Number of protein chains: 2
Amino acid sequence: MMELTRKGDYAIRGIVYLAGQPLDRVSLLSDIAAAVDVPQTFLAKIFQQFSKSGIVKSYRGTGGGFILARPPEQITLLEVVEAVEGPITPNRCVMAPGECERDSFCTVHPVWDRVKRQVRTMLAEISLKDLTCG
Amino acid sequence: MMELTRKGDYAIRGIVYLAGQPLDRVSLLSDIAAAVDVPQTFLAKIFQQFSKSGIVKSYRGTGGGFILARPPEQITLLEVVEAVEGPITPNRCVMAPGECERDSFCTVHPVWDRVKRQVRTMLAEISLKDLTCG
DNA sequence: TCCTAAAAGGACTGTGATGGTCCCTTTATA
DNA sequence: TATAAAGGGACCATCACAGTCCTTTTAGGA
């Protein structure tokens, strides 16, 4: 259980690469894809999600490409993961109150809630700066 | 990400129900399935896995059924979840050393390792006794 | 203004995991 | 020996995942 999908894996690779570039340098998708060894068309979808989430800024046309929307120390691993994988929810119960009819008498509920918060906290403590070698 | 499958959910329901029964009482699969509202044929598979993992003991034939293999305070939620879902591995990297070719230079690696250990610890701290109302 | 470079976005597809069902076998009891 | 139960194998439908492909939009440059 709890496995990151390939998409999430690719997403992290791509964004970490971008964070490792000079911050004012606009990177081509094709360059990123080649550098981190991910199919370009697939990575395109991922970066579209980043763009919508406000993690990267994109520029179209000649000389276009991607750039981090904020400095690396202000982007957390949690943000990156949730941008492409959706919210972290160990169990459907945890999602929204009332979503689970067993809600009121489900003793396992609070356990998943703790797990969820702990994991989110751990991921939120890591920034892209921590993940680049420089 | 990190979502428990339906199988894991059912597994927990079933085993918690069993832990809530008198400990010397052999429960029929059909009773358990009805009580926790899970298709009996599916729950059968789950309890077979429990049986192999040594979480429950099974008896065949007339008067047969299932019973916890150990007292509820000695069975952890971690055991139950891993019995049916397999090991908790947030990222393929974390599995075995060398499994990931990016291993040596993957800065994200240690993060997933921490997440994995934290989650396992939290689940290992909860026993079936904690999950039954009595 | 046209051509070209790039991202945006929609539609489509193969594959594998999930969530089951069905049926036969084995084991035990009465 | 009939019956009650779990064990186990085979099968199947659906859906998410992991991509591909093609068209559209946006922007620069000649």
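Proteins get letters first, then strands, A, B, ... in listed order; numbering begins at 1 in each. As the structure is a computational prediction, the values presented were derived from the model and not from experiment.
Here B:Lys52 lies in heavy-atom contact (under 4.0 Å) with sugar-phosphate atoms only.
Between C:dG19, D:dG7, D:dA18, one nucleotide has an atom nearer to the side chain of B:Phe66 than all others, and that is D:dG7. Out of D:dA6, D:dG19, C:dG9, the shortest distance to the side chain of B:Ser58 is found at D:dA6.
Defined by atom type and a distance below 3.5 Å, a donor-acceptor pair is missing between the side-chain atoms of A:Ser53 and A:Glu79. A donor-acceptor pair shorter than 3.5 Å cannot be found between the side chains of A:Ser127 and A:Gln74.
B:Tyr17 and B:Ile126 fall within a single hydrophobic cluster, where Ile, Leu, Val, Met, Phe, Trp and Tyr side chains are chained together by heavy-atom contacts under 4.5 Å.
Pairing each heavy atom of B:Gly63 with each of B:Val26, the nearest pair is O-CG1, 4.0 Å.
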Short heteroatom pairs, N/O only, protein and nucleotides 23-30 of chain C, under 3.5 Å:
unit_1	atom_1	unit_2	atom_2	d
C:dT26	O2	B:Arg60	NH1	3.0
C:dT27	O4'	B:Arg60	NH1	2.8

Measure all distances between protein nitrogen or oxygen atoms and nitrogen or oxygen atoms of nucleotides 10-13 of chain C, and list the pairs falling under 3.5 Å.
unit_1	atom_1	unit_2	atom_2	d
C:dG10	N7	A:Lys45	NZ	3.2
C:dG10	O6	A:Lys45	NZ	2.3

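Considering only side-chain N and O atoms, A:Thr5 lies nowhere under 4.0 angstrom from the phosphate OP1 or OP2 of D:dA16. Neither OP1 nor OP2 of C:dA7 sits under 4.0 Å from any side-chain N or O of A:Ser51.
Heavy-atom neighbours of A:Arg114 CZ from other residues, nucleotides or ligands within 6.0 Å: at or below the threshold of 12.
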